[in-house]
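Notes follow the structure.
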Amino acid sequence: MTVSVIIVVFWFFLAEILGVQSKATDVPGRTALDNFPLIDGHNDLPYKLKMIYNNQIEKYDFLKEWQENDEMKDCKSCHTDYVKLTKGKLGAQFWSAYIKCTNNTNPVSDTIEQIDLIKRLVDKYSGVLYWATKSDDIAEAFKQKKIASFIGVEGGHSIDNRLSVLRAYYELGVRYLTLTHFCNLDWADSTAADSTPDTPKKNLTEFGKIIIAEMNRLGMMVDLAHVSRNVMIDAIKASKAPVIFSHSSSRYIYDHVRNVNDDVLQLLKENDGIIMVNFFSGFIGGNNTIYDVINHINHIVEVIGVDHVGLGADYDGVHRLPKGLEDVSTYSDLFDLLKVLNPQIWTIENLEKLAGRNLVRVFRKVEQVKLQLKDEKPREDIINL
Ligand SMILES: *[C@@H]1O[C@H](CO)[C@@H](O)[C@H](O)[C@H]1NC(C)=O
Ligand SMILES: *[C@@H]1O[C@H](CO)[C@@H](O)[C@H](O)[C@H]1NC(C)=O
Ligand SMILES: CC(=O)N[C@H]1CO[C@H](CO)[C@@H](O)[C@@H]1O
């Protein structure tokens, strides 16, 4: 008894002298981002380059702060450049290939133009960006101190109702497809359906399920940001692989159709998928500060645990952001603050999960499902146009 008390007292004394304890608590949350790459699910810089530069990126300098690019200096919704990404400690990005879903007469060629733009951007800045198409590329890029750069296509309108186009996008490097943007499609409802409760719903049609089966076969992640609540549920049930929400937040914390209800989060957990939290003020609510985003993250962790959450801030795709998360330089502040506010939950190990370990697990599973399905033939069904 006395001996063990002495040992304990001695240990505390020793720990104090060696600074063991204070070290453990003093380590800032951002340390997690030195251990494991921070992966963001959604960034719309490519659309900015279309709008501001007409995709002519020879004039554009990604390595300068965006404010120093003459053409951008009046930009109200620019948040991304390499200097700020370095401060924020970003390790991997899904760059969005997005085109509008309304009044679009050339959805396929317009989308390919955005894919080509992302490829040219990665080529032009190959000293700091790393062209990535598989989960292992994330670790390789991190080793080389580059940002792994993936492509996600934001909206099923981009495939123009054709599985051939979906397959061709995979060949071009696309690794997720968001099933819809703001428009309802022939084969899936978007949040537009949830905003008009009295109109009939189609949810995810049989052709929509075929598209998901084809994505599972290809190894393309199914992204459920932007889809209606019913499509979230139908798609999770239809998918053989884990799904993602590339940029969505908690509907319990803020009741917006773009956010995800707790019961759907439960299905997501059973599916082993991930929700990557969006920072847009319009989806976050509260007092529009970094603390509100933390409320969303912590609520998701409370409901489904720490293995199914990530970040998909939506930088460059939104015009208002919470105080403290104004641009891509602030990710690292978020990791510091999470740990300070809630050191029990936000250990360095769990911060690494939030940063990227969860997404990598999902991505690997999607690649494993592809392997399991390697004997399946490409589906030839096309929608009745
Ligand atoms: C859409 O889903 C809802 C909720 O599950 C269901 O009540 C409705 O019948 C579905 N509509 C169609 C066309 O399947
Ligand atoms: C917003 O700020 C007020 C005043 O500081 C506080 O009482 C309230 O709890 C905050 N709301 C949220 C959602 O954090
Ligand atoms: C100019 C034009 O054709 N505008 C149309 C774009 O699409 C929306 C939604 O389908 C229509 O309401 C507009 O009239």
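One-based numbering, in listed order, for ligands and for the atoms of each. These numbers come from a predicted model, not from an experiment.
- When hydrogens are left out, the protein atom nearest atom 3 (C) of ligand 1 is Asn230 ND2, 3.4 Å; that is the closest non-hydrogen contact.
- Protein heavy atoms all stay at least 4.0 Å away from atom 7 (O) of ligand 1.
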After noting the C-alpha distance and the side-chain angles of Phe283 and His296, does the key distance pass the ring-ring contact (aromatic ring centres under 6.0 Å, His included) rule? CA-CA 10 Å; Phe283 303 157; His296 282 260; 9.5 Å; no
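- Judged purely by distance below 3.5 Å, without hydrogens or angles, the side chains of Lys48 and Ser77 pair a donor atom with an acceptor atom.
- A perpendicular orientation is assigned to the rings of Phe182 and His226, their planes being inclined by more than 60° (bins at 30° and 60°).
- Polar contact check, Lys202 against ligand 1: no nitrogen or oxygen pair lies under 3.5 Å apart.
- Heavy-atom proximity to Lys201, at under 4.0 Å, picks out these atoms of ligand 1: 11 (N), 12 (C), 13 (C).
- Classification of Asp34 and Lys89 as a salt-bridged pair holds, one side-chain N sitting under 4.0 Å from a carboxylate O.
- The distance from atom CD of Gln372 to atom NZ of Lys240, rounded to the nearest 0.5 Å, is 9.5 Å.
- Counting protein heavy atoms only, atom 1 (C) of ligand 1 is closest to Asn203 ND2, 1.4 Å.
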